[in-house]
There are 2 protein chains.
Amino acid sequence: MAANRRPTLADVAREVGVSAKTVSRVLNEDGPASARTREQVLAAVAKLGFQPNLMARNIRVGGPDTTIGLVVPDLGNPFFGAVAGGIEDVVRDRGLTLLMGSSADEPARERGLTDKFLARRISILMVIPSVGSDHSHLRSHRSTGLPIVFVDRPGAGLTTDSVVSSNLAGAHEGVAHLIAHGHRRIGFVGDLPTNLYTRRERLAGYRSALAEAGLPHDRSLVINAHDQHGASVCTSRLLELASPPTALFAGNNIVALGMVAELARIKRKDVAVVAFDDVPLAEALEPALTVVAQDPEEIGRKAAETALARLDGDRSRARTITVPTRLIVRGSGELTAS
Amino acid sequence: MAANRRPTLADVAREVGVSAKTVSRVLNEDGPASARTREQVLAAVAKLGFQPNLMARNIRVGGPDTTIGLVVPDLGNPFFGAVAGGIEDVVRDRGLTLLMGSSADEPARERGLTDKFLARRISILMVIPSVGSDHSHLRSHRSTGLPIVFVDRPGAGLTTDSVVSSNLAGAHEGVAHLIAHGHRRIGFVGDLPTNLYTRRERLAGYRSALAEAGLPHDRSLVINAHDQHGASVCTSRLLELASPPTALFAGNNIVALGMVAELARIKRKDVAVVAFDDVPLAEALEPALTVVAQDPEEIGRKAAETALARLDGDRSRARTITVPTRLIVRGSGELTAS
DNA sequence: ATGAAAGCGCTAACAC
DNA sequence: GTGTTAGCGCTTTCAT
């Protein structure tokens with residue numbers, strides 16, 4: 001009972017008293033088959049509980065496997081979960097299945113995952129690149145016709161399609177919102193590492209908004225954190241400056257959580273806040289949190305659509321698709337500067 | 001340039017002037033190989049950009065594929081993302097990769113995914129069962145030695161391992177907390193459909209806490225919602241009753257979001273609340289949200305450990321592992337009844 | 001309408 | 001230390 005072999009095509013054929021090829025024909029609705037044969041085969045399949053071995057099929061047919069490899073930094077981060085959901089929505093109809101792994105933003109783990117995926121002959125590769133990753137090794141795969149899409153951040157060493165949020169414009173809009181309410185000293189708490197693409201773009205948006213308003217750029221107001229707790233520490237540190245900011249901009253969802261938690265802890269409702277990326281319960285906070293919302297599902301969908309187009313023969317040059325962000329005004333950004 | 005064939009073992013062998021088996025030996029560190037041969041082979045592998053075809057290998061070796069199939073209801077729900085992360089943490093060292101798909105809680109989609117996974121000859125199957133699914137068709141696979149684990153909810157029609165939260169005890173503890181603060185009319189907003197395992201268990205916990213305190217069970221105080229908005233509607237409906245509850249219990253994280261959002265919207269800070277499942281920013285709310293926290297990563301880890309033990313030959317009878325919940329008191333449950 | 005033989009890319013089993 | 005043969009489970013090609 002323990003380790004029974006699974007039945008094969010040959011087993012089914014033997015059961016019916018027919019050749020393997022005939023069974024194959026019935027199951028794939030390939031060539032012709034008499035009604036009687038078809039019935040018998042189907043009956044035997046059901047009886048034996050036969051399920052075709054997809055790997056064996058793929059190997060013979062030679063085409064890629066019907067999977068799509070996706071590398072994310074962290075499976076637990078809802079942002080990436082939403083991206084994955086968007087991808088799945090689009091590829092489901094094509095019969096593609098998601099192969100997923102998390103890189104912890106470490107290039108070595110990212111490389112290990114992509115190598116494994118490639119060894120499986122995936123149909124599409126999608127990567128949210130880790131900081132410091134180099135992707136030139138993927139060139140030979142691209143030239144084999146494998147669609148590769150970088151998601152959320154651009155890759156390095158390989159020219160291919162990518163899908164990102166309007167990070168710079170979104171941050172600009174959020175900071176401009178604060179400036180419009182009279183703030184002149186605005187703190188920025190960003191991601192780590194500091195050369196992370198999204199952090200650089202959003203910081204650039206922060207700076208451009210300041211420049212547009214003719215405000216000076218004070219480096220002491222820019223600080224970075226790796227996790228939620230770090231963001232809390234950064235927040236209190238900024239507020240303890242000799243000349244503290246009257247408003248804060250959070251560079252991502254995790255930072256936003258830490259920042260809001262810290263402001264609640266020290267009961268500071270007078271500090272204006274705008275966060276990049278929406279968070280649950282933003283409306284229930286006091287004041288309700290104003291955010292620059294991303295659309296992770298849409299990012300996933302666009303990435304999937306692009307990759308499928310490539311699979312269908314689209315040979316146009318690599319594009320970068322920008323998914324717009326949206327300022328959702330809820331109150332926390334409208335506190336006026338003292 | 002477009003659809004170049006990927007190099008095979010034979011290509012590498014030809015390049016070096018050696019047999020395919022020798023290349024295989026070098027790459028898998030199987031049998032012996034002279035230092036010189038090894039070098040030449042490695043050089044050729046690098047030159048041609050050869051990557052072994054894992055599917056071909058698997059088919060020959062006959063063992064299962066080094067993947068683990070995971071069906072979740074919704075990729076975007078952070079609870080399931082955290083479960084997936086816990087699983088990955090445990091199986092990574094064994095070289096197993098996650099194959100994931102979302103069922104939308106529809107039995108047909110769940111079945112489609114498991115069938116696809118099984119056709120790929122996965123090493124382990126993990127399912128968060130949809131309401132109404134039947135799993136008796138998996139019996140033949142179990143008897144082939146495939147470890148199957150139900151996660152978060154028990155499956156139907158198949159006796160196998162499962163890992164769940166202490167739903168009943170957790171809900172009991174949360175409701176008892178409210179009772180201890182003088183509440184006698186406590187509303188319960190649960191999941192839909194009403195026969196969902198987690199809802200039934202948590203409702204049972206709610207009832208047992210009432211019974212323990214000698215409180216009557218008023219059916220009009222129990223109501224259900226499918227999504228966040230529905231939970232908001234349920235919340236206001238409960239509060240509009242002729243004899244409204246003074247405290248509310250939220251049956252899951254999504255319901256909690258809707259409930260808290262609604263209470264904030266109508267500015268009711270006098271209603272005590274305890275939620276099942278933690279939510280981000282619970283500490284930053286006013287009052288801070290008291291929750292019965294689950295540990296999704298631990299659920300994932302336990303499920304993975306159980307499955308790996310089965311893979312390693314554990315033939316003991318099927319177990320149900322219960323991962324404890326933890327009451328986190330933050331304030332919202334301590335409002336005393338008027 | 002069906003079957004036989006060959007072969008996809010790889011490795012097990014046996015040579016030498 | 002290395003090569004040969006056979007064969008995993010399936011499909012292609014060509015017969016019949």
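Proteins come first, then strands; the chains are lettered A, B, ... in the order of their sequence lines, and each starts at number 1. Note that the structure is predicted; figures quoted are calculated from it, not measured.
- Of the listed nucleotides (D/dG1, D/dG9, C/dC10), D/dG1 has the atom at the smallest distance from the side chain of B/S34.
- Protein atom CG of B/L27 is 16 Å distant from nucleotide atom P of C/dG9, rounded to whole Å.
- Nucleotide C/dC10 holds its C1' atom 20 Å from the CZ atom of A/R57, rounded to whole Å.
- A sub-4.0 Å separation between OP1 or OP2 of D/dC8 and a side-chain N or O of A/T8 is absent.
- Here the nucleotide nearest the side chain of A/P32, chosen from C/dG9, C/dA1, C/dC8, is C/dA1.
- Judged by distance alone, with hydrogens and angles left aside, B/R36 brings no side-chain donor or acceptor close enough to the base of D/dG1 to form a pair under 3.5 Å.
- The heavy-atom pair separating A/L70 from A/A84 by the smallest distance is CD2-CB, 3.9 Å.
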A/S130/A/R109 under side-chain hydrogen bond (donor to acceptor under 3.5 Å, both in side chains): CA gap, chis, key distance, verdict: CA-CA 9 Å; A/S130 306; A/R109 264 179 65 176; over 6 Å; no

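- Dashed line: the shortest gap from a side-chain N or O of B/S24 to OP1 or OP2 of C/dT11 is under 4.0 Å.
- You'll find that the side chain of A/V61 is closest to D/dT12, out of C/dA12, D/dT12, D/dG9.
- Of the N and O atoms on the side chains of A/T67 and A/T97, not one donor lies less than 3.5 Å from an acceptor on the other residue.
- Side-chain N/O atoms of B/N28 include one lying less than 4.0 angstrom from OP1 or OP2 on C/dT11.
- Close to C/dA4, at under 4.0 Å from its OP1 or OP2, lies no side-chain N or O of A/S19.
- Closest to the side chain of A/R25, out of C/dA12, C/dC10, C/dG3, is C/dG3.
- In summary, of the residues considered (A/K47, A/R6, A/R5), a salt bridge (Lys or Arg N to Asp or Glu O under 4.0 Å) with A/D11 occurs for A/R5 alone.
- To the nearest angstrom, C1' of C/dC8 lies 11 Å from CZ of B/R5.
- At a cut-off of 3.5 angstrom, counting only N and O atoms as typed in the model, there is no donor on one side facing an acceptor on the other between the side-chain of B/R38 and the base of D/dG1.
- Between D/dC8, C/dT2, C/dC14, one nucleotide has an atom nearer to the side chain of A/A33 than all others, and that is C/dT2.
- Taking every side-chain heavy atom of A/A20 into account, D/dT11 is the closest of D/dT11, D/dG9, C/dT2.
- In terms of heavy-atom proximity, A/M126 sits nearest to A/A307 at CE-CB, 4.3 Å.
- When the C1' atom of D/dT4 is taken as reference, atom CG of B/L9 falls 15 Å away, rounded to whole Å.
- The side chain of B/R60 has D/dG7 as its nearest neighbour among C/dC8, D/dT2, D/dG7.
- If you measure from atom CZ of A/R14 to atom P of D/dG9, you get 10 Å, rounded to the nearest angstrom.
- Distance from the side chain of A/I59 is smallest for C/dC8 among the nucleotides C/dC8, D/dG3, D/dT11.
- For B/F50, the side-chain atoms get nearest to C/dC10 when compared with the rest of C/dG3, C/dC10, C/dG9.
- One atom, CZ of B/R121, and another, P of C/dC10, lie 20 Å apart when rounded to the nearest Å.
- Counting any heavy atom pair closer than 4.0 Å across all strands shown, B/N58 reaches no nucleic acid atom.
- Protein atom CD of B/E29 is 15 Å distant from nucleotide atom P of D/dG1, rounded to whole Å.
- Going from atom CG of B/N53 over to atom P of D/dG9 covers 17 Å, rounded to whole Å.
- Among all heavy-atom pairs drawn from A/L9 and A/A20, the shortest one is CD1-O, 3.9 Å.
- Which of C/dT11, C/dG3, D/dC10 sits closest to the side chain of A/A56 comes down to D/dC10.
- Across the interface with DNA chain D, nearest-nucleotide mapping of A/R6 and B/K21 shows B/K21 to be the residue nearer the 5′ end.
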